Q: 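My questions will all concern the structure given below.
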Amino acid sequence: MIDFYYAPTPNGWKVAIMLAETGVAHRTNLMDLPKGDQFSSWFKAISPNAKIPAIVDHGADGGAQSVFESGAILLYLAEKTGRFGPTTPRQRAAFNEWLFWQASNQGPMAGQLSHFVNYAPADETYSRARYKGEFERSLAVLDARLAGRDYVFEDYSIADMMAFPWAFIAKPLGVSLDAFSNVTAWRQRIKARPAVRAAINHHKDKQFSDTASADQNTVLFNQSAEHLRS
Ligand SMILES: N[C@@H](CCC(=O)N[C@@H](CS)C(=O)NCC(=O)O)C(=O)O
């Protein structure tokens, strides 16, 4: 049995998709991020960066195993189930490239764009333009990778689950996919999967409001080192 610490956000969806695709037995623990559940001591022992997603696998060899960071969780689940992941060292190197790329490029750039589009209190013209450009740049990288391919690798895999969620919500971030035809076709292909639809609808009613600005929510949007020390 796996405990899954989740909120309905792009990073939460990645793991929700993998759990739905593989059918691994799990229990979803919904985290109230605007309220600050992620800063509880018990949760920081599982996820030291105080962010979802995280899992605890109670059935791991040698006792319970906790894993934080979406890419690390996807690799762990791929290895555990023998599905959707690399099977040789050469493949592992290629998977790591695309998982690290998403976690350090596409994800943070889209996340900052989302912050300045949805939550920043005042006019943020410069910041919006900066992160829109960076997110579009990452879409161009993905588009080039997908030229002549249905998926990031030959078959549907955790590399697709990793990159899909931010591409899925590009439009509400003010980014058109029209110029990225390979990404558009890939996004449709993935969105059509029943497991993906189930995952992105998982506790959809608990999505936090796009109108809650940084002024209104000091827990979520005005963090400092103090949040991690307490
Ligand atoms: N690099 C991390 C990013 C995780 C992340 O940013 N999670 C967000 C939700 S999408 C979060 O927990 N935010 C709560 C907070 O910042 O306090 C991953 O890929 O797992």
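Note that the structure is predicted; figures quoted are calculated from it, not measured. In this chain, numbering begins with 1 at the start of the sequence shown. All ligand and atom numbering here is 1-based and tracks the order in the structure.
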Q: Find all atoms of ligand 1 within a distance of less than 4.0 Å from any non-hydrogen atom belonging to Lys14, and give their numbers and elements.
A: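 The atoms of ligand 1 under 4.0 Å from a heavy atom of Lys14 are 19 (O).
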Q: Among protein heavy atoms, which lies nearest atom 3 (C) of ligand 1, and at what distance?
A: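 Protein heavy atom at minimum distance: Asn11 ND2, 3.7 Å.
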Q: If you take the nearest heavy atom of each of Lys51, Gln102, Met31, Gln38, which one is closest to atom 6 (O) of ligand 1?
A: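 Looking at heavy atoms only, the winner is Lys51.
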Q: Please list, in number order, the atoms of ligand 1 under 4.0 Å from a heavy atom of Thr9.
A: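 Taking each heavy atom of Thr9 in turn, ligand 1 has 9 (C), 10 (S) under 4.0 Å.
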Q: Please state whether the rings of Phe153 and Phe95 are parallel, tilted or perpendicular, taking 30° and 60° as the class boundaries.
A: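 The rings of Phe153 and Phe95 lie parallel, inter-plane angle below 30°.
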Q: Are there more than 12 heavy atoms of other residues, nucleotides or ligands under 6.0 Å from atom CZ of Arg137?
A: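 Counting other residues, nucleotides and ligands, CZ of Arg137 stays at 12 neighbours or fewer.
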Q: Nearest non-hydrogen contact with atom 1 (N) of ligand 1 belongs to which option: Met162, Glu69, His115?
A: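 Answer by nearest heavy atom: Glu69.
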Q: In terms of ring plane angle, is the pair Phe4 and His202 parallel, tilted or perpendicular, where the classes change at 30° and 60°?
A: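 If you compare the ring of Phe4 with that of His202, the planes turn out parallel.
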Q: Students should be able to answer this: which protein heavy-atom is nearest to atom 12 (O) of ligand 1, and at what distance?
A: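 Protein heavy atom with the smallest distance to atom 12 (O) of ligand 1: Ile52 N, 2.9 Å.
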Q: Would you say Gln188 has more than 12 foreign heavy atoms packed within less than 6.0 Å of its CD?
A: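 Yes, enclosed.
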Q: With a 4.5 Å limit on heavy-atom distance, are the side chains of Trp98 and Val141 in contact?
A: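 Trp98 vs Val141: side chains touch.
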Q: Which residue and non-hydrogen atom of the protein lie closest to atom 19 (O) of ligand 1, and at what distance in Å?
A: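 Sorting protein heavy atoms by distance from atom 19 (O) of ligand 1 puts Ser70 OG, 2.6 Å first.
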Q: Flag the pair Phe180 / Trp186 as yes when their ring centroid distance falls below 6.0 Å, and as no otherwise.
A: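 For Phe180 and Trp186, the ring centres are not under 6.0 Å apart.
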Q: Step by step, work out the side chain to side chain contact (heavy atoms under 4.5 Å, CB included) result for Leu74 and Phe84.
A: CA-CA 9 Å; Leu74 293 183; Phe84 302 115; over 6 Å; no
Q: N/O to N/O below 3.5 Å, does that happen between Phe39 and ligand 1?
A: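 No; every N/O pair is 3.5 Å or more apart.
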Q: Which atoms of ligand 1 sit under 4.0 Å from any heavy atom of Pro53?
A: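 Every atom of ligand 1 under 4.0 Å from some heavy atom of Pro53: 20 (O).
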Q: Note the single closest protein heavy atom to atom 15 (C) of ligand 1, along with its residue, its atom name and the distance in Å.
A: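 Ranking protein heavy atoms by distance from atom 15 (C) of ligand 1, first comes Gln223 NE2, 3.3 Å.
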